[in-house]
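This report concerns only the one structure given below.
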Protein chains: 2
Amino acid sequence: MYTLMVADDHPLFREAIGAVIASGLPDSLLLEADSLEGALLKAEEHEEVDLVLLDLGLPDAEGLSGLKQIRERRPDLPVAILSADQDRRTILDALDLGAVGYITKSTPRRDLLAALTRILEGQLYLPPDIMRRPPAEVQRQTPIDEDVRRRLSELTIKQLEVLIRLTHGASNKVIARELDIAETTVKTHVSAILRKLGVTGRVQAILAAGSADLDALLTERHELSR
Amino acid sequence: MYTLMVADDHPLFREAIGAVIASGLPDSLLLEADSLEGALLKAEEHEEVDLVLLDLGLPDAEGLSGLKQIRERRPDLPVAILSADQDRRTILDALDLGAVGYITKSTPRRDLLAALTRILEGQLYLPPDIMRRPPAEVQRQTPIDEDVRRRLSELTIKQLEVLIRLTHGASNKVIARELDIAETTVKTHVSAILRKLGVTGRVQAILAAGSADLDALLTERHELSR
DNA sequence: GACGCCCTCCTCCTTCGGTAGGAGGCGAGA
DNA sequence: TCTCGCCTCCTACCGAAGGAGGAGGGCGTC
């Protein structure tokens, strides 16, 4: 005997889910809501909600923001996402926010029931087909910053030191003070950095350095020159 | 009949895993490696490896870097993590890199076997106890950028548009062209942004905006004024 | 010793970024 | 209607950023 809630603004879809649950999980209580607010209200009334099935297209909660709101206001509430979105990234982000499952709307009825029972039993459910077809991302990502990495590796130690401070938003003057060198010297370094990174301004340099771990690069460089 | 490989530098542990597999998955072939390089070499020899169980404490691959390397060099190879690390973040990152499962070393033998078969059947396995006890993170994270969020919400629509372009590294001139307004107007907007964000230069503004989803904020704002 | 690389600093100059202050137009709401 | 906030644009001024070009010193290699 479970209490479930489906939060979806499409009545027909709620109905379909209801039918699946009625057939596969008899004597379950199914609550319905067509908005995030409605879902949270209903959840107040019924203390013992075992699972919320949350659509990602709710009118008052676009995308994962709805999940985030629920997690902030009712961290005790188990939430599974029910969405047409099959993007791997979305699924991971949902997990990140604490979702206990992710069910795509294209899931066949039989699998859907299996997924629900899995989740209700305290397991986790994710679309295996998507999660098992891992990311082109790994390949896609590396060649992009492969170029940056190569350029970064051409920087000298001092230039790296300057670049690190650039990424912290420091002005030439501040950098000069911190490194105890003249501002003109800082300018020289900055110019060299811009040239080597192939960009036209400090802002671009910061964006190019992006998420690279410059501190790691720096210590690595220090060790090399040891 | 599966072919599995366990990559762990602790022989005793490999032995234990071997015993579990022998008892629960008879006539499986178990390969062993004590380093990342060794694992990749062995994987070359045996084309039909169904699953690699990767420890996160390998001497030549600290943490998730080993997983990353495998994914880059052999994206076809299904890898599950086998680690003592029970950190939620680590698990999510592993998934992110394309792991097909995550098994903690504290998993009892019975559950371990269930997890392995699940993975070998093409499902996904994650430690339910950890994943179902979701993050204090949601609360921890928000107060940090609560301040930034408040400041960002004070920006007007046009100011947001300008800020978005600032974060792309655009100069005032470029922004002026893109928005089809005079550069002096852009300057006015930029000044207002700096004042409202409480920073002293465009670089600082970009860093302050940081990871905030400005585009989302913008559409949100548009909808509000509708 | 000569060469190359790096770090340091300088001057001169241009462009960019940012502030201050003012001003007109426009739409929403009291 | 009048007010208020927002967007638009302007002038004037000044400091920051960056390019060009030169120059000296330290350090390691051939």
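Chain letters run A, B, ... following the sequence lines, proteins first and then strands; every chain starts at 1.
- Distance from the side chain of B/T156 is smallest for D/dC7 among the nucleotides D/dA16, D/dG18, D/dC7.
- Put simply, the side chain of B/Q204 gets close to the backbone of A/G169: a donor and an acceptor are under 3.5 Å apart.
- With B/L54 as reference, B/L36 is the one residue of B/D8, B/L77, B/L36 to meet the side-chain contact (heavy atoms from CB on, under 4.5 Å) rule.
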Item to check | Full working for side chain to side chain donor-acceptor pair (under 3.5 Å) between A/T104 and A/T107 | outcome: CA-CA 6 Å; A/T104 59; A/T107 306; 3.0 Å; yes
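- Nearest to the side chain of A/A182, among C/dC7, D/dC7, C/dC9, sits C/dC9.
- The CG atom of A/L166 sits 13 Å away from the C1' atom of D/dA16 (whole-angstrom rounding).
- Residue contacts shown for B/T185 include a base, since a base heavy atom lies under 4.0 Å away.
- Distance, B/K173 NZ to D/dC9 P: 16 Å, rounded to whole Å.
- With rounding to whole Å, B/E183 atom CD is found 13 Å from C/dT15 atom P.
- With sequence neighbours left out, the side-chain hydrogen bond (donor to acceptor under 3.5 Å, both in side chains) criterion links B/R165 to B/E161, B/E178.
- Remark: side-chain polar atoms of B/T185 are not paired, donor with acceptor, to backbone N or O of B/I181 under 3.5 angstrom.
- B/K187 comes within contact range of at least one nucleobase, with a heavy-atom separation under 4.0 Å.
- Of the candidates C/dT8, D/dG18, C/dG18, the closest approach to any side-chain atom of A/H189 belongs to C/dT8.
- B/Q159 has its CD atom 10 Å from the P atom of D/dT8, to the nearest Å.
- Dashed line: the shortest gap from a side-chain N or O of A/K158 to OP1 or OP2 of C/dC6 is not under 4.0 Å.
- B/S171 comes within 4.0 angstrom of the backbone, heavy atoms only, and of no base.
- Atom CZ of B/R202 and atom C1' of D/dA17 are 12 Å apart (whole Å).
- In terms of position on DNA chain D, the residue among A/G201 and B/T188 whose nearest nucleotide sits closer to the 5' end is B/T188.
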Are any protein N/O atoms closer than 3.5 Å to N/O atoms in nucleotides 27-30 of chain C? If there are, list each pair with its distance.
none

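- Of the candidates D/dT8, D/dA17, D/dC10, the closest approach to any side-chain atom of B/T184 belongs to D/dC10.
- A distance-only check finds a donor-acceptor pair linking the side chain of B/K196 to the backbone of B/E154 [under 3.5 Å].
- Counting only heavy atoms from C-beta on, A/L194 has its side chain closest to D/dG18 among D/dG18, D/dT8, D/dA16.
- Side chains of A/K173 and A/E183 form a contact here, defined as non-hydrogen atoms less than 4.5 Å apart.
- Taking atom CD1 on B/I193 and atom P on C/dG18, their separation rounds to 10 Å, with Å as the unit.
- For the OP1/OP2 pair of C/dC16 and a distance below 4.0 Å, the side-chain nitrogens and oxygens of B/N172 include no atom meeting the criterion.
- Summarising the geometry, the separation between CG on A/L160 and P on C/dC7 is reported as 10 Å, rounded to the nearest angstrom.
- Atom CZ in B/R195 sits roughly 9 Å away from atom P in C/dT19 (whole-Å rounding).
- Proximity of B/L126 to B/L95: side-chain heavy atoms (C-beta onward) are separated by under 4.5 Å at one or more points.
- Heavy atoms of A/T200 sit nowhere under 4.0 angstrom from any nucleic acid atom.
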